[in-house]
Amino acid sequence: MTGPAGTEPAEPAQGPAAGEPDQLELPGMPAPRRRPAPGAQAVTAADDLPVARVVVEVPVLRLDHTYDYLVPVSMADGVTAGVRVKVRFGAQDVDGYVLERLATSEHEGTLRPLRRLVSTEPVLPNASARLCRVVAEHYAGSMSDVVRLAVPPRHARTEDEPLAEAAVTTGEQPHNGSRSPMAPDGPAPGASAPHGSAPTDAGPWSGLAGGEAFLRHAASGAAVRGVWTALPGRWTAGGSVLADDGWEDMVARAVRVVRDSGRGVLVVLPDARDVDRLSRALDAAGLRDATASGRTLPDDVGRAHGYVRLLADDGPAQRYRAFLAALRGHARVVIGTRAAAFAPVAELGLAVVWEDDDPLHAEQRAPYPHVREVLALRSEAEGCALLVAGLGRSVEAQALVRSGWAHEIGAARAVVRERAPRVRALTRVEVAREGPAAVARIPSAAWRIAREGLAQGPVLVQVPRAGYVPVTACGTCREPADCPDCHGPLGLASGSSTPQCRWCGRLAAAWSCPRCHGSTLRSVLVGSERTAEELGRAFTNVPVRISGARSAGGVLATVSGASALVVATPGAEPVAAGGYAAALLLDAGVATAGTQLRTRQDAVRRWLTAASLVRPATAGGVVAVVGDGDEVVTGALVRWDPAGLADRELDERVELGLPPAVRVGALTGPRQAVMAVLAETTLPPGATVLGPVPVTPADGGAPVLGGELGDVRAIVRAPRGEGRLLAASLRAGVAGRGARRGAGTVRLHMDVADLV
DNA sequence: AGCACGCCGACT
DNA sequence: GTCGGCGTGCTC
């Protein structure tokens, strides 16, 4: 089956000019408008199930449905559900996937034959096809677009690589297996082991409210859903780390438990560094990385405990190899980045998304699916358990908890206090006590924390990313300025003194601050970065390590436990052996400034990520939040209460009618086209339209949100209960005629993260 | 008549 | 998206 799979053409090479048989014309009748199907009579169809139902890869919403083709005898055996084919579509050759074989077609016209069977590998098995369909409907997109995200590009050489036997001769064994606290301690259950027979050793999960029950249910095949807020690992002052309760060890344990029950597991993480971190924990838990070979040992241990890493970063060959290993069932555990959310995992028992609030989990290609949503849909479609996890708590996850769809899993307050570092907020109020000396951006208290920390080990300094964050705020009290009508952020075009809402477009000529009644607005533009240099100069006898995507040394994964200043941008914080003695989170005002819905959540997530690398308060760990940050966010960190922040944020979203309390769809395109779509769309009850507003700033700046110059954007929102209807109606509207007549295409983006 | 262009509709 | 059909309008 890995041979020269079906490469023979379905018909002799031909084009319109190659003398194909013309359809007979009736005298006196107008010539048929449609070109005759080329070669329709030139092939013999398969005897058994001669019809293939195909989803074609065309990017047009209006054409997004299945099409029936004839299966030529020559492909009778190879064409099965999920295989890639080439078909004639209109006047062009396109790629497609066979969904099923049928005895007859409901199509009235004549069927054209499949042109080519690309490969017999069923890369879009039924479960994947169903998932793609569901995701497409949820996001009002085309199945074809989703399939393109779900199935990696084919790599023919990889497909032809020899199978498992070769792995025996390489003689690789699971590394670290023997010294793992969770090494296999008996005959490992193979893929066919009876479900639910394995004992559940929940390990550190038993210390969490709801933790053990979640794992037990997941292992028994129940579709339980949990939202878990993780705590920092148990760093110790001596520089050693207890190896079994960092988040990666916890996830590895969950993987192992569900895997031992005979089911597959899928874990999706934001980036390659997190995948690496989990990889190491899986290795320690007695699982084996089978990515490089794409195979596992052909014995029970290998088959039961192999996992593959599925990352676009790894390149096309490696990615396809890992995909095939999962597809063929050689590995039943898949870990990877966002596209892995679609990975074919047989008998999926548990899907995990780590740090579900990380923006990297949001796909940037249409129809912009989010990993958390894909896995949630998967949980419903495949009946698998779902774990939404992170150091923080997304508003969306909180909504799942509040609605009762998911259970909360978390540690008791006492445990939180025992694990978290002490967090001090050095805000304007704090700093003011220092009097005139507080002019410096780094107050003396922060210098002291850094100095004392350096005596005990490495000190992390988190600096907001370089660049500018445009904020409009009250000129008097600095409260961010809201639209009086819809609470969107007010923008201020340069040269103009009339603020305009960036959501609904209304002019707020007579704006006054609801807090202090000031009437002036200021644009706040803050840069940062030189702070790190200042620090370096201040501690001349201490090594300074810099970690950041744009820094010379790139992103560091780890640093030693030796005293050093480690300056990092958010997301690039190295893990320190034994944990950091202290951390300074600088420019808190910049970190929490922003006009987007997720600004607060982003800030607290970045801070939690850094702070979780610091030793607990009981071991002297201290975190200083330096600067004039949002009090709510700062308070959430000080109390180490991300769930509380999310809960409060959700209250606010409910009150203001913002996602995830409502569902929204953004329509972007030329004004005429957007208006035409809106006019032709029958909106669900309770739906409202914001805008349209130009996506190009009035001051001639670069277009935002990926729009073309002159494009506008309208936001349509509807109560969550009408979400499906909203998606369906917008989809119909965009697919309809209006979009085309209005000269220009309208793009639809459901559940946009930022309404600006 | 013959050709360039643009609009429209079809695509199994 | 991409193509072909057919109408329009222009030119020789």
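Being a predicted model, the structure only gives us computed values, none of them experimental. Note that these values count all heavy atoms, side chains included, but never hydrogens, waters or copies made by symmetry. Convention: sequence-line order gives letters A, B, ...; per-chain numbering from 1.
None of A:Arg115, A:Arg112, A:Arg116 except one satisfies the salt bridge (charged side-chain N to carboxylate O under 4.0 Å, His left out) rule with A:Asp93; the exception is A:Arg115.
Remark: P of C:dG1 and CG of A:Asp93 are 18 Å apart, rounded to the nearest angstrom. Here B:dA10 presents its C1' atom at 16 Å from CG of A:Asp64, a figure rounded to the nearest Å. The CG-P distance, from A:Leu111 to B:dC11, rounds to 12 Å in whole Å. Distance, A:Leu99 CG to B:dT12 C1': 13 Å, rounded to whole Å. Following rounding to the nearest Å, A:Leu102 (CG) and B:dT12 (P) show an atom-to-atom distance of 17 Å. A:His65 has its NE2 atom 8 Å from the C1' atom of B:dC11, to the nearest Å. We find that CD of A:Gln92 is positioned 8 Å from C1' of B:dC11, with the value rounded to whole Å. As rounded to whole Å, 17 Å separates atom P of B:dG9 from atom CZ of A:Phe89.
Using cut-offs of 30° and 60° on the angle between ring planes, the pair A:Phe89 and A:Tyr67 is perpendicular.
If you take OG1 on A:Thr681 and CZ on A:Arg731, they are separated by 13.0 Å, rounding to the nearest 0.5 Å.
The nucleotide whose nearest atom lies closest to any side-chain atom of A:Tyr67 is, among C:dG1, C:dC3, B:dC11, B:dC11. For A:Ala91, the side-chain atoms get nearest to C:dG4 when compared with the rest of C:dG4, C:dG1, B:dT12.
A:Tyr69 comes within contact range of the sugar-phosphate backbone alone, with a heavy-atom separation under 4.0 Å but no base atom that close. Residue-level contact check: A:Val58 touches neither bases nor backbone, having no heavy atom under 4.0 Å from any strand.
Crowding of A:Arg133 atom CZ: a count of heavy atoms from other residues, nucleotides or ligands under 6.0 Å exceeding 12.
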